[in-house]
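Only heavy atoms go into these numbers, but all of them, side chains included; no hydrogens, no water, no symmetry mates. Keep in mind that what you see is a predicted model, and the values were worked out from it rather than measured. Residue numbers begin at 1 in each chain, while the letters A, B, ... track the order of the sequences.
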There are 2 protein chains.
Amino acid sequence: MEYNYQTPRYLLVIEQIKEKIQSGELEPGERLPSEMEFSKQLRVSRNTLREALRILEEENIILRKHGVGTFVNRKPQFRGGLEELFSITDMIKREGKEPSTEWLLTGYAEPHSDDREELELKEDERVYLVKRLRKADGEPLVYCIDKMPERKLSNDFEIKGESIFEALQRDAGITISYAKADINTIAYHQEISKMLGCDRDVPLLVLKQIHYDLDDHPILYSLNFFRSDQVSFNVFRKRMV
Amino acid sequence: MEYNYQTPRYLLVIEQIKEKIQSGELEPGERLPSEMEFSKQLRVSRNTLREALRILEEENIILRKHGVGTFVNRKPQFRGGLEELFSITDMIKREGKEPSTEWLLTGYAEPHSDDREELELKEDERVYLVKRLRKADGEPLVYCIDKMPERKLSNDFEIKGESIFEALQRDAGITISYAKADINTIAYHQEISKMLGCDRDVPLLVLKQIHYDLDDHPILYSLNFFRSDQVSFNVFRKRMV
DNA sequence: ACGGATTTGTTCGTATGTATA
DNA sequence: CTATACATACGAACAAATCCG
C-alpha cells in the first residue's frame with residue numbers, strides 16, 4: 001500500500017470524528033462504535049484509530065471507559081455567573097428551555113446542627129423547609145433544599161409555586177440582599193442522583209448558600225445539587241495587588 | 001431495663017459519635033466499626049444505632065456505602081475566595097501548611113483545539129506548557145496545567161521554581177489583570193486522580209481559567225484539578241435587582 | 001456466584017515514508 | 001548515496017475491566 005504523508009492518517013481520522021460530532025451524527029453522551037468496528041468503518045487500522053482517540057481524549061472531546069466503550073463528552077450547557085445571585089429559572093430560560101418545578105415538600109421541620117449554626121437559630125427553633133426538583137424541558141437539573149428560621153416568618157407563612165425570594169418579600173417583608181456561597185462537589189448520592197436521573201459517574205455540583213437580609217441577618221440557607229454534566233459556574237476574577 | 005425518655009437514645013448515640021469525631025478518636029475518612037460491632041460497643045440495638053447513622057448521614061457527617069461500610073466525611077479544609085485571583089501558595093499557607101511544588105514538565109508543545117480558541121493562537125503557533133503538582137505538607141492538593149502563547153514570550157522564556165505571574169512579569173513584561181473562571185467537576189481521571197492520590201469516589205473540582213493582561217489579551221490558560229475532599233470555593237454574591 | 005462475550009488497554013513484530021547527518 | 005533515527009501505519013496476540021444471562 002502506498003501512503004500519502006502530506007497529513008498523517010490519524011489526523012484525518014480526528015477530523016472525521018469531530019465532523020461526525022459537529023453534524024450531530026454522533027450526539028453528546030452517545031457511545032462510539034467499538035474500536036474494532038469503527039476502524040473497519042473508517043478504513044484504518046485499530047492502532048491508527050486509537051491514536052486519534054488518544055488525542056481526542058486528551059482534548060477532552062471523548063471519554064474512554066475500559067471494558068465499556070468510548071463516549072462523546074457532554075458539554076455543560078447551563079452556565080451561571082456567580083457574582084450575581086442568579087435565578088435558576090432565568091438560567092434555564094437563557095438556554096431557551098422551559099423551566100418547571102416539582103414541589104416535593106414544604107412545611108416546618110427540625111433543624112440539623114449545621115442549620116442551627118448557619119442560620120443562628122435559637123434553642124428549639126424550627127425551620128421552614130422546602131424541597132424542590134427543578135427541571136428544564138422536563139429534564140431534572142437541580143435538587144434544592146431551602147431552610148428559613150421560623151421566627152422570621154409570619155405564622156401563616158406558606159410557599160406555593162412562587163419564588164422563595166418573592167414569598168419572603170411578600171409574607172415577611174424581608175429583602176434578600178446578598179449571599180455567601182460555597183461550591184463543592186460530591187461523587188454520588190443515592191437519593192439525589194436518582195431523582196436527578198444521573199448515572200453513578202456523574203458527580204453533583206453542590207452550591208451551599210447563606211442568604212442575608214438588608215440588616216445582615218441570615219435568612220435563607222440553601223443547598224443546591226446540580227447535575228455536573230449540565231451545569232457549570234463561572235466567575236470574573238480581578239487581581240488585587 | 002428501664003428507659004429514660006427525656007432524650008431518646010438515638011440522640012445520645014448521635015452525640016457520642018459526634019464526640020468521637022471531635023476528639024479525634026474517629027478520624028475523617030476512617031471507617032466506623034460494622035453496625036453489629038458498633039451497636040455492641042455503644043450498648044444499643046442495631047436499629048437504634050441505624051437511626052442515629054441515618055440522621056448523621058442526612059447531616060452529611062458520615063457516608064454509608066452499601067456492602068462496604070460507614071465512613072467519617074472529610075471536610076474540605078482549604079478554601080479559596082473566587083472574587084480575587086488567589087495564589088494557591090497563599091491558600092495553603094493560610095491553613096498553616098507548607099506549600100511545595102513538583103515541576104512535572106516545562107517547555108513548548110502543540111496546542112489543542114481548545115487552546116487555540118481560548119488563547120486566540122495564530123496558525124502553527126505553539127504554547128509554552130507547564131505541568132505542576134502542588135502540595136500541602138507534602139500531600140498532593142492540585143494538579144495544574146498552564147499554557148501561554150509562544151508569540152507573547154521572549155525567546156529564552158523559562159520558568160523554574162517561581163510563580164508564573166512573576167515569570168510573565170519579569171521575562172515578558174506582561175501583567176495579568178483579571179481572569180474568567182469556569183468551575184466544574186469530573187468524577188475521576190485515571191492519571192490525575194492517581195497523581196493526587198485520591199480514590200475513585202473522590203471527584204475532582206476543575207477550575208478552568210483564562211487570564212488576560214491589561215490590554216484584554218488572553219495570556220494564560222489554566223486548568224486546575226483540585227481534590228474535592230480538601231478544597232472548596234466560596235463567593236460573595238450580591239443581588240442585582 | 002460464575003462463565004462467557006464484549007470492549008478497551010498494552011505490547012509485541014513488521015514495514016514504509018520523512019528528515020538529517 | 002548511505003546510515004540512522006523517528007514518526008506513521010498495520011496486524012496480531014494477550015491482559016484487564018465490564019456486562020449479562
Side-chain angles (χ1 to χ4, degrees), chain A residues 1-21 25-75 187-190 193-194 197-203 228-229, chain B residues 34 36 65-69 104-113 115-116 121 123-129 131 143 145 150 155 185-204 225:
Chain A
M1 210 185 204
E2 288 184 19
Y3 298 107
N4 174 5
Y5 272 96
Q6 281 181 333
T7 54
R9 199 161 279 188
Y10 67 89
L11 288 180
L12 296 175
V13 172
I14 288 177
E15 289 315 308
Q16 282 178 277
I17 297 175
K18 280 188 180 172
E19 213 171 77
K20 279 180 196 288
I21 295 172
E25 190 180 332
L26 289 171
E27 281 181 38
E30 195 181 336
R31 217 199 92 179
L32 272 58
S34 77
E35 294 181 357
M36 216 44 161
E37 195 185 321
F38 209 17
S39 61
K40 278 179 196 161
Q41 250 183 58
L42 300 171
R43 302 183 181 273
V44 293
S45 74
R46 185 172 166 227
N47 276 346
T48 303
L49 171 62
R50 279 183 64 76
E51 176 63 10
L53 293 178
R54 192 189 63 74
I55 291 166
L56 286 170
E57 185 181 31
E58 209 176 272
E59 295 194 19
N60 221 5
I61 291 170
I62 59 167
L63 177 66
R64 297 202 273 182
K65 297 190 202 174
H66 193 158
V68 184
T70 303
F71 302 83
V72 182
N73 253 338
R74 296 170 196 259
K75 291 226 168 160
Y188 178 80
H189 191 285
Q190 186 131 34
S193 295
K194 197 194 290 175
C198 56
D199 293 345
R200 243 201 143 70
D201 54 359
V202 177
S228 67
D229 59 349
Chain B
S34 74
M36 212 49 159
K65 296 190 204 173
H66 195 136
V68 183
L104 304 172
L105 196 149
T106 56
Y108 288 95
E110 291 302 317
H112 292 164
S113 51
D115 309 340
R116 234 181 237 110
L121 297 180
E123 197 61 36
D124 291 328
E125 191 182 3
R126 293 183 306 164
V127 291
Y128 192 82
L129 174 65
K131 294 188 177 181
Y143 174 67
I145 299 174
E150 182 177 23
N155 285 329
T185 177
I186 56 172
Y188 177 79
H189 191 287
Q190 186 132 34
E191 292 168 74
I192 300 177
S193 296
K194 195 193 290 175
M195 276 190 288
L196 290 171
C198 55
D199 293 344
R200 243 200 143 70
D201 54 359
V202 176
L204 305 177
F225 299 86

- Does A:Thr70 put a side-chain nitrogen or oxygen below 4.0 Å from OP1 or OP2 of C:dT8? yes
- Consider the side chain of A:His66, meaning its heavy atoms from C-beta on, and name the nucleotide among D:dT8, D:dT18, C:dG9 that approaches it most closely. C:dG9
- Closer than 4.0 Å, any side-chain N/O of A:Arg9 to the OP1 or OP2 of D:dC10? yes
- Query: Between atom CE in A:Met36 and atom C1' in D:dC10, what is the gap in whole Å?
  - Reply: 12 Å
- Message: Quick check on DNA chain C: between A:Gly69 and A:Asn47, whose nearest nucleotide comes earlier from the 5' end?
- Response: A:Gly69
- Item | Contact under 4.0 Å: A:Arg64 side-chain N or O vs C:dG9 OP1/OP2 | yes
- Item | Atom-pair distance (CD on A:Glu57; C1' on C:dT8), nearest Å | 11 Å
- Presence of A:Thr48 side-chain N/O under 4.0 Å of D:dC10 phosphate oxygens OP1/OP2: yes
- Task: Using whole Å, report how far CD of A:Glu37 lies from C1' of C:dT8.
- Result: 15 Å
- Could you tell me whether the phosphate oxygens of C:dT7, OP1 or OP2, come under 4.0 Å of any side-chain nitrogen or oxygen in A:Arg31? yes
- Query: Heavy-atom distance under 4.5 Å between the side chains of A:Glu30 and A:Phe71, does that happen here?
  - Reply: no
- To the nearest 0.5 Å, what is the distance between CG (A:Leu53) and CD (A:Glu58)? 12.5 Å
- A:Gln16 versus A:Leu42: any side-chain heavy-atom pair under 4.5 Å? yes
- Query: Between A:Lys40 (NZ) and D:dC10 (C1'), how many Å, whole number?
  - Reply: 14 Å
- Determine the contact category for A:Arg54: base if any of its heavy atoms lies under 4.0 Å from a base atom, sugar-phosphate if only primed atoms, P, OP1 or OP2 are that close, otherwise nothing. nothing
- Query: Quick one: is A:Tyr10 getting a side-chain N or O under 4.0 Å of the D:dT8 phosphate, OP1 or OP2?
  - Reply: yes
- Item | Out of D:dC10, C:dG9, C:dT7, whichever nucleotide has its closest atom nearest the side chain of A:Arg50 | C:dG9
